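Please read the structure below before turning to the comments.
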Amino acid sequence: MTSPSMPPRTDPPRSRGLVLGRIADAPVVLTPSWAIAAVVLTIVFAPTVRFYAPGQTGVIYGVSFAFVVLLFGSVFLHEVSHALVARARGQHVTELAITVWGGHTAFTGSLRRPRDAFWVAVVGPLTNLVLAGGFWFLFELRTGTVLVWLLCYAAAVSNAFVGLFNLIPGLPLDGGQMLAAAVWAATGSQDRGTVVAGYVGRVVAVGSVLAVIAVPLAQGGTVEPFLVIWAVFIGMFLWSGASGAIRSGRARARLAHLDVSTFMHPAATVPADGTVADTAAAGRGAGAWAVVILDGTGRPVGVVDPANAAQVPADRLTTTSVWAVAHRLPLEALLRSTSAGPDLVAGVVAAAPGTSVVPVVDETGTVVGVVLVREVLAAVRGTSA
């Protein structure tokens, strides 16, 4: 008998925007929100350019925009480093996106070891710190015009800020990923690491706003309204990411205790060329909750609908095809008897749009039972089915 194939991998929805190319077999997406950040930062940096080049009014915004390009280029390299190391550690990278907040790298698959998670996280800030050193070296050479010096200096400072800021130990920052990996290594629980780093991330979110207000007041200065507004936006972003991490960690902790055997019900099987009479006999003989239809290779391809089967007249049971009272299973509707935790839920979620019943097969591909989608999803939500 041919062993049935497992459900194909499904990637999460991609960010909307212009696809510039592919890196690590993932699309590089320039999102529309990037334009907002580009315009704002160009305007914000323009006065600095004007101060250092007062007689070159015509190039002020061009130079300012060049700085923005350098900044986002550095952030992009930050994300590329995440993607390459994640892929080297066995992850499937789904996208690299350039956004109003700089960028993000998305990948699927669970990291198996704390040190893998640590290296995927730390390589991003390290990339920025290396770039900061490189731009500072170019600045110290003092080659070219004062505008070239200015761009090198600004790129060095901004990369140093991005690198150091991302090392702050709170999710969703890279430092938070590193903290989560450290807690994981110390406790053996990846979920606990995520929750701890999420709460620290909330502290960082609030602290980033308070710092913009408290520091100038402590120094006898005045609070800059623009900086406060910008800090509030950053704080909201950090709070949202940290809160999402906490929810994710708690949800994964619940999922870790789920096992397919907890939800499995007896099932009977009939061949694809069988009749309704065959399904009735099979169901009674096995005390089955469901009757699964198998194709010629033994792969589950459909499930009998009991309500439809009950409507077939007795004199037509032996002549009515099983497919007259069944629905076809989507390719994703298949679980292994060893499925547990996130793998179990992922398999059920992938199948849910097309069926309410998911067959379970053992290592030989033999159907050993069925799982009801509603029962698994109820357990995930913490409710009764």
Side-chain angles (χ1 to χ4, degrees), residues 1-10 12 251 254-312 316-318 320-385:
M1 181 181 293
T2 303
S3 178
S5 58
M6 290 304 291
R9 180 183 63 212
T10 55
R254 290 197 303 270
L255 300 187
H257 301 291
L258 301 183
D259 186 272
V260 71
S261 61
T262 305
F263 303 96
M264 194 160 60
H265 299 286
T269 60
V270 295
D273 59 357
T275 65
V276 176
D278 297 328
T279 70
R284 286 194 302 271
W289 280 54
V291 178
V292 179
I293 303 171
L294 306 181
D295 66 10
T297 67
R299 191 187 195 287
V301 290
V303 174
V304 173
D305 185 325
N308 289 342
Q311 296 178 9
V312 178
R316 296 184 182 178
L317 292 178
T318 58
T320 303
S321 169
V322 66
W323 286 110
V325 296
H327 67 266
R328 189 171 294 276
L329 288 170
L331 292 177
E332 296 82 1
L334 191 64
L335 292 170
R336 294 289 188 186
S337 56
T338 54
S339 295
D343 291 337
L344 167 62
V345 177
V348 169
V349 170
T355 183
S356 59
V357 177
V358 185
V360 181
V361 298
D362 62 15
E363 64 278 1
T364 67
T366 302
V367 173
V368 293
V370 292
V371 165
L372 305 184
V373 170
R374 61 181 173 83
E375 292 183 349
V376 177
L377 296 184
V380 172
R381 292 190 296 264
T383 61
S384 58

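As a basis for the values below, the full set of heavy atoms in this structure was taken, side chains included, without hydrogen atoms, waters or symmetry mates. None of these values were measured; they are calculated from a predicted model.
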Side chain Asp278, main chain Thr275, donor-acceptor under 3.5 Å: yes

Side chains of Leu294 and Val367 in contact at under 4.5 Å (non-hydrogen atoms): yes

Main-chain N/O of Arg336 paired to Ser339 side chain as donor or acceptor, under 3.5 Å: yes

Heavy-atom closest pair, residues Val292 and Ala267: CG2-CB, 4.4 Å

Expected output: side-chain Thr366 to main-chain Asp362 donor-acceptor under 3.5 Å: no

Side-chain heavy atoms of Val357 within contact of Trp289, under 4.5 Å: no

Flag side-chain contact, heavy atom, 4.5 Å: Val370 against Met264: no

CG on Leu331 to CZ on Arg299, rounded to 0.5 Å: 5.5 Å

Atom of Ser337, atom of Val260 and distance for their closest heavy-atom approach: O-CG1, 3.1 Å

Heavy-atom pair with the smallest gap, counting every atom of Val373 and Ala352: CG1-CB, 3.9 Å

Shortest non-hydrogen separation from Ala333 to Pro359 and the atoms involved: O-CD, 3.5 Å

CZ on Phe263 to CG on Leu377, rounded to 0.5 Å: 9.5 Å

Between CG on residue Asp259 and CG on residue Leu344, distance to nearest 0.5 Å: 7.5 Å

Name of the residue among Asp305, Thr355, Asn308 meeting side chain to side chain donor-acceptor pair (under 3.5 Å) with His327: Thr355

Side chain proximity check, Leu258 to Val345, heavy atoms < 4.5 angstrom: yes

Trp323 side chain vs Ala272 backbone, donor-acceptor pair below 3.5 Å: yes

Stepwise side chain to side chain contact (heavy atoms under 4.5 Å, CB included) test for Leu329 and Val301: CA-CA 5 Å; Leu329 288 170; Val301 290; 5.8 Å; no

Validation row: Val349, Val376 side chains within 4.5 angstrom (heavy atoms): no

Closest non-hydrogen atom pair between Val276 and Ser321, with its separation: CG2-O, 3.8 Å

Sub-4.5 Å side-chain heavy-atom contact between Leu334 and Val361: yes

Heavy-atom pair with the smallest gap, counting every atom of Ala290 and Val303: CB-CG1, 4.4 Å

